[in-house]
K.L.:
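The following block contains the structure, expressed as structure tokens.
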Amino acid sequence: MATERYNPRDAEPRWQQKWNEERVFETDNNDPRDKYYVLEMFPYPSGRIHMGHVRNYAMGDVVARYKRARGCNVLHPMGWDAFGMPAENAAMERGVHPAAWTYQNIASMKAQLKAMGLSLDWSREFATCDVAYYQHQQHLFVDFLEKGLVYRKQSKVNWDPVDNTVLANEQVIDGRGWRSGALVEQRELTQWFFKITDFSQDLLDALDTLDQWPEKVRLMQKNWIGRSEGMAVRWAIVPGTAPSGESEVTVYTTRPDTLFGASFLAISADHPLAREIAAKNPAIEAFCEECRRAGTSLAALETAEKKGIDTGIKVQHPLDPTWELPVYVANFVLMDYGTGAIFGCPSGDQRDLDFARRYNLPVVPVVMPTDGDADTFSVGDVAYDGDGVMINSRFLDGKTTTEAFDIVADRLTATALGNQPQGERKVNFRLRDWGISRQRYWGCPIPVIHCEDCGVVPVPKKDLPVKLPEDVTFDQPGNPLDRHPTWRHVACPHCGKDARRETDTMDTFVDSSWYFTRFTAPWEQVPTDVRAANHWLPVDQYIGGIEHAILHLLYSRFFTRAMRETGHVDVKEPFKGLFTQGMVVHETYSRGAGMSREWVAPADIRIEEQDGKRRAYLLSNSEEISIGSIEKMSKSKKNVVDPDDIIASYGADTARFFVLSDSPPERDVIWSEAGVEGAHRFTQRLWRLVSEAAENLGDVQATPAKEGDALAISQIAHKTLKAVQNDYDKLWFNKAVARIYELVNALAAPLSNVAAGKASDDYRAAVKDATEILIQLVAPMTPHLAEECWATLGSGGMLAKQPWPTFEDSLVTENDVVLPVQINGKKRAELTISRDADQNAVSEAALALDEVKKVLNGQAPKKIIVVPQRIVNIVV
RNA sequence: GCGGGCGUGGCGAAACUGGUAGACGCAAGAGACUUAAAAUCUCUCGGCCUUUGGCUGUGCGGGUUCGAUCCCCGCCGCCCGCACCA
């Protein structure tokens, strides 16, 4: 009876090959069944997968396999987010061409993913650096350009003067380039922008429809979009105080109610007026320069003092032309929000108050809390920015802030300054247009041509794709496209004159903003097959890390809208369900302290327990190593576990099962050797129980028991089926795991009985039914093991193609219920009674219990609360 | 500073969002089998006590309720976003 141990090294490749041969996971767009699109965020091809990938893809795979079994036509594709800087870094460091480096990495990562046994449709695979993909992105760009969704404008970039390159914000560390260490400059370059702000309101409003997204992510996007309702207010400049031609300043405010508390205007160092005046005034020029430099370093904005410089310009108060206020350039006013100019109301805004105190400007309280006293209310070092009642505000006195807002808004709208209203209500957004220009080689070329006569001309679609040239060098700094001898030179599509290509490439976030749409018909000669895209989108379940909560997801939402406007798809929201999974974390180990601290990899140590305390020792020489905190797996702390090693020693099923168990999927899961061994024990145990009994189950038909000693077996199997089904629907993988453990525990003895040949036919039929259910329940998580068990059981067919089992109602509903009986809220007894017993019967039965009588000790109950099928509480 | 989340055994966590707190797993302990070890199996496992029982216990302090891990108020501690947004 003894059977072989389950050997994943043999079984896993074997089943992967069979799935592959039978094309089980290839999806037909014309399949009439209900569609289900499950997608995990595609990986950057760094070369190796990590445990985070394993967890992410294991979750997606469970959903895909489960939905497939439930009868859906499942689309579960995979691809590569393959453009980006690491490939250029590799080229610079090792002289490998970015393309060669990238495609090699893809090949090795693909092999790793295949070893995981994921149910992916590999026939739809593509990399974003494939010309076959990015040519369509260029097509979309041209369409967006025609539709007015793309434009060029001057914009600041971080410029590294040594490497001659533009740096991303995260490449600037303490104001210096990460590679060169040179002080980073702010340069103005003409760059391409997507008009995401055209959709600000819609992107905000539609968040409410995304009810299968985490609340947290929706809130983060809401804050990022940052809608505010206020007014644009025009202030007349006192003649003669400003350079000629300047007659007014427009500020944006959300608090027009506090206008009578104004004591100055402040404009950004980049405001046109500031620039104009700085040109003639060295002191102001110097101050503006200082502001710009401070803006580059992320450090200590919090502690940055509020500083400014008086421009000498005076403005007239919009509600009282005789009232003149000074205009400052201030370091805390941002050019790219609102109008780049504000009015300062020190009593109602902390920054304005700090500023006013520094420059001895008036502080007039204009709003006090509703319960305040107008005679004594004053503002010291803390501004009052809440709602309340107006004071010191002439005709607004006594009104609420909301009323005052409306009165001022109406009045300013009706007042004219010049020929325009003095003010208008305005909704403002924090969201800015998406700058997509990157001065780099390894990205999708922006398909436009610059002609001296015709200006910016899009590359005609017939001339697409604009392919990246392959013969490029990385031996000198800067963008290789810029210095390529021939690639830039091209005839203008309009006039035929010599012209030059745009050498900027697109932000890689563009690539990932529509890959999920391309997966729906990756073979298509145009960007999308609209019918296929409309059929599959939105993605039913998207799974990935929380780090993409804002940018990637917001850009994708914008891009889908832009593609809709250009006729490439007819949905607005790309992702119906979103799930953000937690990280895989691990204990850290180190020796030494301070500067000489050295991290040690988990593979190099062994853990022992002594006197209830865990201690770590180096494998090589038994030196004791200190055990540190649990942190995200990272190379620098060496607390990484290589999925390859785990798959090689335990198999993919164990790795998959472990990352899904224990922790709720949205929370971090702690990787531990002991935990993996537990998961591995489970796979072996399941195999042993099933394989030992298999021989004695071959000749019976799986049939649930209706009575007798096998009834309990069928009941727990069918109850577990019902529960796990629900767990999978909700992505509660850890709960599913727990219930599956319970079922295995419950089936252990019956399976042993069968194996020992001590079971009747009916009993065996029930055990077989329960075992088949068990195997199907674990199949989404440990698919290879499940196939192996299924085959051993002789149940026939490939498990990956089997429909999901159905539970029998009669087996999941009990006739009797066990009710806890409480006395004064404390549990004292249990009562087993018929499910449909009425309240009186339940009360009487409860009072008749020995334990109850004993505790009551003759006292009469004051009240008896019977919650049907839940609990009985007797109050005395 | 603003916004959001989370605090349950030695550990990861469950508990049908008001109804038996600690399912399931890990770790630990005891036992069985074995020449021995591994594997496997059985049992114990929040704390305290006078142990066939009792008291207490979900970060701390209050409240609502027949009944609170869950709802309300006030603290404490961690974590994560955004960060001068006018």
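In what follows, chains are A, B, ... by sequence order, proteins preceding strands, each numbered from 1. As the structure is a prediction and not an experimental result, all values here were calculated from the model.
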K.L.:
Pick the nucleotide of RNA chain B nearest each of A/Met335 and A/Lys735; which residue has the one closer to the 5' end?
P.N.:
A/Lys735
K.L.:
Among B/C24, B/C80, B/G19, which nucleotide sits nearest the side chain of A/Val867?
P.N.:
B/G19
K.L.:
Students often mix this up, so state it plainly: with edges at 30° and 60°, are the rings of A/Phe260 and A/His317 parallel, tilted or perpendicular?
P.N.:
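Rings of A/Phe260 and A/His317: parallel, under 30°.
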K.L.:
In whole Å, what is the span from the CH2 atom of A/Trp224 to the C1' atom of B/G3?
P.N.:
14 Å
K.L.:
Picking from B/G19, B/A86, B/G12, which would you name as closest to the side chain of A/Asp662?
P.N.:
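Shortest atom-to-atom distance from the side chain points to B/G12.
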K.L.:
Can you figure out which of B/C80, B/G25, B/A86 approaches the side chain of A/Asn745 most closely?
P.N.:
B/G25
K.L.:
Any side-chain heavy atom of A/Ile740 within less than 4.5 Å of one from A/Met781?
P.N.:
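Heavy-atom side-chain distance check passes, below 4.5 Å.
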K.L.:
Give a yes/no on whether any side-chain N or O of A/Asn734 is located under 4.0 angstrom from OP1 or OP2 of B/A14.
P.N.:
yes
K.L.:
Establish whether the base of B/C66 is bridged to the side chain of A/Lys862 by a donor-acceptor pair shorter than 3.5 Å.
P.N.:
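No such pair is found, so the answer is no.
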K.L.:
Could you check whether A/Glu742 gets within reach of a base, just the sugar-phosphate, or nothing at all, counting any heavy atom under 4.0 Å?
P.N.:
sugar-phosphate
K.L.:
Check every strand shown and say whether A/Arg828 touches a base, only sugar-phosphate, or nothing at a heavy-atom separation below 4.0 Å.
P.N.:
sugar-phosphate
K.L.:
Closest approach to the side chain of A/Ile550, judged atom by atom: which nucleotide of B/G81, B/A13, B/A86 is it?
P.N.:
B/G81
K.L.:
So which atom in A/His586 and which in A/Asn639 form the shortest heavy-atom distance, rounded to 0.1 Å?
P.N.:
O-ND2, 3.2 Å
K.L.:
Heavy atoms, side chains only, cut-off 4.5 Å: are A/Ile871 and A/Gln822 in contact?
P.N.:
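In short, these two side chains touch, coming nearer than 4.5 Å.
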K.L.:
I want to verify a distance call: between B/A14, B/G3, B/C84, whose nearest atom is closest to the A/Arg667 side chain?
P.N.:
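Output: B/A14.
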K.L.:
Regarding A/Gln350, tell me which of base, sugar-phosphate or nothing describes its non-hydrogen contacts under 4.0 Å with the strands shown.
P.N.:
nothing
K.L.:
From the options B/C84, B/G12, B/G81, select the nucleotide whose nearest atom is closest to the side chain of A/Ile670.
P.N.:
B/G12
K.L.:
P atom, B/C70 versus B/G63: distance in rounded Å?
P.N.:
14 Å
K.L.:
Hey, what are the protein-to-nucleotides 37-43 of chain B N/O distances that come in under 3.5 Å?
P.N.:
| residue | atom | partner | partner atom | Å |
| --- | --- | --- | --- | --- |
| B/C41 | OP1 | A/Arg685 | NE | 3.1 |

K.L.:
Which listed nucleotide (B/C84, B/C16, B/A27) is nearest to the side chain of A/Asn331?
P.N.:
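Ranking B/C84, B/C16, B/A27 by closest atom to the A/Asn331 side chain puts B/C84 first.
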K.L.:
Give the nucleotide from the list B/C85, B/U20, B/C82 with an atom nearest to the side chain of A/Ile871.
P.N.:
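That would be B/U20.
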K.L.:
With pairs defined as Watson-Crick or G-U wobble and both distances under 3.5 angstrom, please note down RNA chain B as a dot-bracket string, | for pairing with another strand.
P.N.:
(((((((..(((......[....))).(((((.......))))).((((...))))..(((((..]....))))))))))))....
K.L.:
Counting the atoms with a prime plus P, OP1 and OP2 as sugar-phosphate, which does A/Ser661 contact under 4.0 Å by heavy atoms, base, sugar-phosphate, or nothing?
P.N.:
nothing
K.L.:
Under the side chain to side chain donor-acceptor pair (under 3.5 Å) criterion, do A/Ser661 and A/Tyr741 qualify, and how do the steps go?
P.N.:
CA-CA 11 Å; A/Ser661 52; A/Tyr741 269 115; 5.9 Å; no
K.L.:
Nearest whole angstrom, please: distance from the C1' of B/A86 to the CG of A/Leu259.
P.N.:
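So the two atoms are 12 Å apart, to the nearest Å.
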K.L.:
Does B/G9 count as syn, meaning its glycosidic angle lies within 90° of 0, or as anti?
P.N.:
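Syn conformation here, the glycosidic angle of B/G9 being no more than 90° from 0.
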K.L.:
Would you indicate which nucleotide in B/U20, B/G3, B/A14 comes nearest to any side-chain atom of A/Leu219?
P.N.:
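The answer is B/G3.
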K.L.:
Checking one value: the base orientation of B/U44, syn if chi is within 90 degrees of 0, otherwise anti.
P.N.:
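Anti, angle beyond 90° from zero.
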K.L.:
Quick check for you: among B/G19, B/C85, B/A13, whose closest atom lies nearest to any side-chain atom of A/Pro664?
P.N.:
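Of B/G19, B/C85, B/A13, B/A13 is nearest to the side chain of A/Pro664.
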K.L.:
Check this for me: does the side-chain of A/Arg227 come within 3.5 Å of the base of B/C85 through a donor and an acceptor?
P.N.:
no
